[in-house]
J.: 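Dropping a structure here in structure tokens format, bear with me for questions.
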Amino acid sequence: MKIRNCLNPSKPSFSFEFFPPKTDAGVASLLRTVEELAPLEPGFVSVTYGAGGSTRDRTVELVTHIKQHTGIEAMAHLTCVGHTRDELRDVLRRLGAAGIENVLLLRGDPPQGQTKFEPVPGGFRYAEELVRFVREEDFNFCLGGACYPEGHVETASREDDLQHLKAKVDAGMDFVVTQLFFDNAFYFDFVERARRVGINVPIVPGIMPITNYEQVQRFTRMCGATVPMRLALQMERVKDQPDAVVQLGVAHATVQCMELLSRGVPGIHFYTLNKSPATRMIVGALKGRS
Ligand code: FAD
């Protein structure tokens, strides 16, 4: 199933993102998480692409396994980092041969120790170039990409970032998924600005329930997202009580999702961090409401 066909505001789908674990025990635990989330009938799940090394093969293996053994549509992420176009073609061929129909194409972050992204010789500088390549190569994938309601960390201005997103979408993207955000105002404002410059593909909000405040502070520092002052103060107050952090994180994300759904989003993508409880609580509450 092509994901673009299940992104419909009149029947929004829930989707879950995982990362490829480094160990076999991690893989076994992730597959249990997938099993626990399956009853929520996700529209699709996705598996991120690592910065390098063996987890990259795991992305291909995991999406193949999930699709074949659970019947859930599984999307692979793929980045330009460290890859030549021949290597990227090879990964895409493997995905196609395994029956994978959806790929999320990204540039990726600069490798550790580098502040600026440098493509390898024969590789790509921007996700847009990878999208163009996949379309020219005549693969039949439905293509997703990333977007940033608060602006990408490297960009000089949100307007520049939006123009780059438009170029990326025009190169052949079918939908985009947002970076995590904790204040829906960023999302609604971003969608409005995107529509105004002619970006017409579905924009799927990405939601990460806070289950560990320190970890989220690290993520948001890295990706340029902000935690609203009120939520930050509430989290500071309970940060040493793990259960209270989860309750507050789940409550905040549930309220965010209810507002997003009531305003007609095409789906909601959950950053699960390979764990099921928080996502199960939120989606359970959302489904109970309809
Ligand atoms: P691009 O769209 O190429 O943009 C990167 C920067 O370049 C932006 O600042 C943009 O404004 C600028 N830019 C783009 N085109 C041009 C141009 N023509 N001229 C000048 N500037 C330009 N990372 C992983 O390593 N693995 C993953 O699986 C992964 N999954 C992700 C999923 C989602 C939903 C999101 C939101 C992010 C994900 N990331 C992942 C992180 C992502 O790789 C980083 O945010 C990365 O820094 C940017 O990738 P991109 O595809 O958005 O890049």
Side-chain angles (χ1 to χ4, degrees), residues 3 7 15-21 44-53 55-60 62-63 74-83 88 91 95 100 102-112 114-119 123-134 143-181 186-187 190 193-194 197 199 201-208 219-225 266-274:
I3 288 172
L7 297 174
S15 54
F16 307 136
E17 181 172 305
F18 309 115
F19 62 85
F44 67 96
V45 300
S46 78
V47 181
T48 62
Y49 201 66
T55 68
R56 294 188 142 187
D57 286 333
R58 279 223 159 102
T59 297
V60 180
L62 278 166
V63 287
M75 170 170 73
H77 295 208
L78 180 62
T79 74
C80 305
V81 178
H83 276 322
L88 289 162
V91 179
L95 289 168
I100 299 304
N102 305 278
V103 187
L104 193 89
L105 298 179
L106 303 133
R107 184 201 68 179
D109 286 319
Q112 263 191 347
Q114 292 177 25
T115 48
K116 196 168 176 293
F117 184 89
E118 289 297 344
F124 298 117
R125 182 173 292 277
Y126 299 113
E128 178 195 340
E129 297 171 2
L130 178 56
V131 179
R132 215 173 285 288
F133 171 74
V134 175
L143 297 181
C147 64
Y148 304 86
E150 297 181 62
H152 182 255
V153 271
E154 293 166 32
T155 198
S157 76
R158 288 185 195 176
E159 283 62 42
D160 285 358
D161 206 31
L162 203 57
Q163 288 304 331
H164 297 147
L165 176 64
K166 169 140 174 54
K168 182 162 79 170
V169 169
D170 288 348
M173 261 175 187
D174 295 298
F175 66 97
V176 288
V177 181
T178 76
Q179 183 58 277
L180 58 91
F181 57 89
F186 285 118
Y187 173 82
F190 176 72
R193 289 187 296 117
V197 300
I199 297 170
V201 294
I203 301 175
V204 183
I207 296 293
M208 180 186 282
F219 284 160
T220 50
R221 265 198 304 276
M222 265 166 18
C223 75
I268 299 182
H269 189 67
F270 289 93
Y271 295 104
T272 70
L273 301 178
N274 290 5

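Counting starts at 1 for both ligands and their atoms, following the listed order. What you see is a predicted model; the values in this text were computed from it and never measured. Computed over heavy atoms, backbone and side chain alike; hydrogens, waters and symmetry mates excluded.
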J.: Relative to the heavy atoms of Asp161, which atoms of ligand 1 are at a distance of less than 4.0 Å?
T.: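 By the 4.0 Å cutoff, the relevant atoms are 8 (C), 9 (O), 10 (C), 11 (O).
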
J.: Provide, to 0.1 Å, the distance between atom 13 (N) of ligand 1 and the closest protein heavy atom, together with that atom's residue and name.
T.: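 Result: His164 ND1, 3.3 Å.
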
J.: Looking at the rings of Tyr187 and Phe181, which for Trp means the six-membered one, are their centres under 6.0 Å apart?
T.: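 Distance test on ring centres: under 6.0 Å, yes.
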
J.: Please state which protein non-hydrogen atom is closest to atom 51 (O) of ligand 1 and give its distance, to 0.1 Å?
T.: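 Checked against all protein heavy atoms, atom 51 (O) of ligand 1 sits closest to Arg107 N, 2.8 Å.
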
J.: Does Glu154 reach ligand 1 with a nitrogen or oxygen that is under 3.5 Å from one of the ligand's nitrogen or oxygen atoms?
T.: no

J.: When you compare ligand 1 with His77, is there at least one nitrogen or oxygen pair between them that comes in under 3.5 angstrom?
T.: yes

J.: With a 4.5 Å limit on heavy-atom distance, are the side chains of Phe219 and Leu273 in contact?
T.: yes

J.: Is Thr178 in polar range of ligand 1, meaning some N or O pair under 3.5 Å apart?
T.: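 Not met; the criterion fails.
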
J.: Work out whether the distance between some heavy atom of Phe124 and some atom of ligand 1 is less than 4.0 Å.
T.: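 Judged by the 4.0 Å heavy-atom criterion, Phe124 does not count as contacting ligand 1.
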
J.: Taking atom CD of Gln112 as the centre, does the number of heavy atoms from other residues, nucleotides or ligands within less than 6.0 Å exceed 12?
T.: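 Incorrect, the count does not exceed 12.
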
J.: Would one find an N or O of Arg125, backbone or side chain, under 3.5 Å from an N or O of ligand 1?
T.: no

J.: Would you say that Asn274 contacts Pro21 through its side chain, given a criterion of any heavy-atom pair below 4.5 Å between the two side chains?
T.: yes

J.: As a check for students: among Phe19, Phe117, Tyr126, identify the option with a heavy atom nearest to atom 15 (N) of ligand 1.
T.: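 Shortest heavy-atom distance from atom 15 (N) of ligand 1: Tyr126.
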
J.: Is there any N or O on Gln179 that sits under 3.5 Å from an N or O of ligand 1?
T.: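 Among all N and O atoms of Gln179, none is under 3.5 Å from an N or O of ligand 1.
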
J.: Assess the residue pair Thr59 and His77 against the criterion (side chain to side chain donor-acceptor pair (under 3.5 Å)); give the C-alpha distance rounded to whole Å, side-chain angles, the decisive distance to 0.1 Å, and a yes or no.
T.: CA-CA 8 Å; Thr59 297; His77 295 208; over 6 Å; no

J.: How close does the nearest protein non-hydrogen atom get to atom 34 (C) of ligand 1, and which residue and atom is it?
T.: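 Of every protein heavy atom, Tyr271 OH, 3.3 Å lies nearest to atom 34 (C) of ligand 1.
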
J.: Got Val176 and Val169 here, is their nearest side-chain heavy-atom distance under 4.5 Å?
T.: yes

J.: List the closest protein heavy-atom neighbour of atom 26 (N) of ligand 1: residue, atom name, distance to the nearest 0.1 Å.
T.: Tyr49 O, 2.9 Å

J.: Mark up the atoms of ligand 1 that fall under 4.0 Å of a heavy atom belonging to Thr79, in ascending order.
T.: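 Numbered from 1, ligand 1 contributes 24 (C), 25 (O), 26 (N).
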
J.: Could you check atom 3 (O) of ligand 1 against the protein and tell me its nearest heavy-atom contact, residue, atom and distance included?
T.: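 Protein heavy atom with the smallest distance to atom 3 (O) of ligand 1: Ala127 N, 2.9 Å.
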
J.: Considering only heavy atoms from C-beta outward, does the side chain of Ile203 approach that of Thr178 to under 4.5 Å?
T.: yes

J.: Would you say that Leu95 contacts Val60 through its side chain, given a criterion of any heavy-atom pair below 4.5 Å between the two side chains?
T.: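 Yes, at least one pair of side-chain atoms sits under 4.5 Å.
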
J.: Quick one: which of Glu129, Glu154, Glu128 gives a side chain to side chain donor-acceptor pair (under 3.5 Å) with Arg107?
T.: Glu154

J.: Is there a side-chain contact between Phe190 and Leu162 (heavy atoms, below 4.5 Å)?
T.: yes

J.: Please determine if Glu17 has a nitrogen or oxygen closer than 3.5 Å to a nitrogen or oxygen of ligand 1.
T.: no

J.: Nearest to atom 32 (C) of ligand 1 by heavy atom, Val169, Val176, Val177, Leu104: which?
T.: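 Shortest heavy-atom distance from atom 32 (C) of ligand 1: Leu104.
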
J.: Between His269 and Ser15, does a side chain to side chain donor-acceptor pair (under 3.5 Å) hold up when you go through it step by step?
T.: CA-CA 5 Å; His269 189 67; Ser15 54; 2.7 Å; yes

J.: Would you say Gly108 touches ligand 1, if touching means a heavy atom closer than 4.0 Å?
T.: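 Judged by the 4.0 Å heavy-atom criterion, Gly108 does count as contacting ligand 1.
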
J.: List for me each residue that meets side-chain contact (heavy atoms from CB on, under 4.5 Å) alongside Thr115, sequence neighbours excluded, and say none if there are none.
T.: none

J.: Yes or no: does Asp160 have any heavy atom under 4.0 Å from an atom of ligand 1?
T.: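 No, that is not the case, since the closest heavy atom of the residue is not under 4.0 Å from the ligand.
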
J.: At a non-hydrogen distance cut-off of under 4.0 Å, which region of Lys168 contacts ligand 1 (side chain, backbone, both, or neither)?
T.: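 Side chain only.
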
J.: Out of all atoms in ligand 1, which are within 4.0 Å of some heavy atom of Asp109? Include the element for each.
T.: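 Taking each heavy atom of Asp109 in turn, ligand 1 has 43 (O), 44 (C), 45 (O), 46 (C), 47 (O) under 4.0 Å.
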
J.: Under the ring-ring contact (aromatic ring centres under 6.0 Å, His included) rule, what pairs show up with a residue in residues 150-177, not counting sequence neighbours?
T.: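 Output for this query lists Tyr148-His152.
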
J.: Evaluate Ala146 for polar contact with ligand 1, using N/O atom pairs at a separation under 3.5 Å.
T.: no

J.: Work out whether the distance between some heavy atom of Tyr148 and some atom of ligand 1 is less than 4.0 Å.
T.: yes

J.: Would a search of protein heavy atoms around atom 18 (N) of ligand 1 find one under 4.0 Å away?
T.: yes

J.: Report yes if some heavy atom in the side chain of Thr79 is under 4.5 Å from a heavy atom in the side chain of Arg56; otherwise report no.
T.: yes

J.: May I ask you to test the His83-Phe124 pair for a side-chain heavy-atom distance under 4.5 Å?
T.: no

J.: So for ligand 1, is His152 a polar contact partner (N or O within less than 3.5 Å, distance only)?
T.: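 Min N/O separation from ligand 1 is below 3.5 Å for His152.
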
J.: Could you tell me the residue and atom name of the protein heavy atom closest to atom 31 (C) of ligand 1, and the distance to it rounded to 0.1 Å?
T.: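 The closest heavy atom on the protein side is Leu106 CD2, 3.5 Å.
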
J.: Indicate yes or no: does an N/O atom of Thr48 lie under 3.5 Å from an N/O atom of ligand 1?
T.: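 For ligand 1, there is no N or O atom that lies under 3.5 Å from one belonging to Thr48.
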
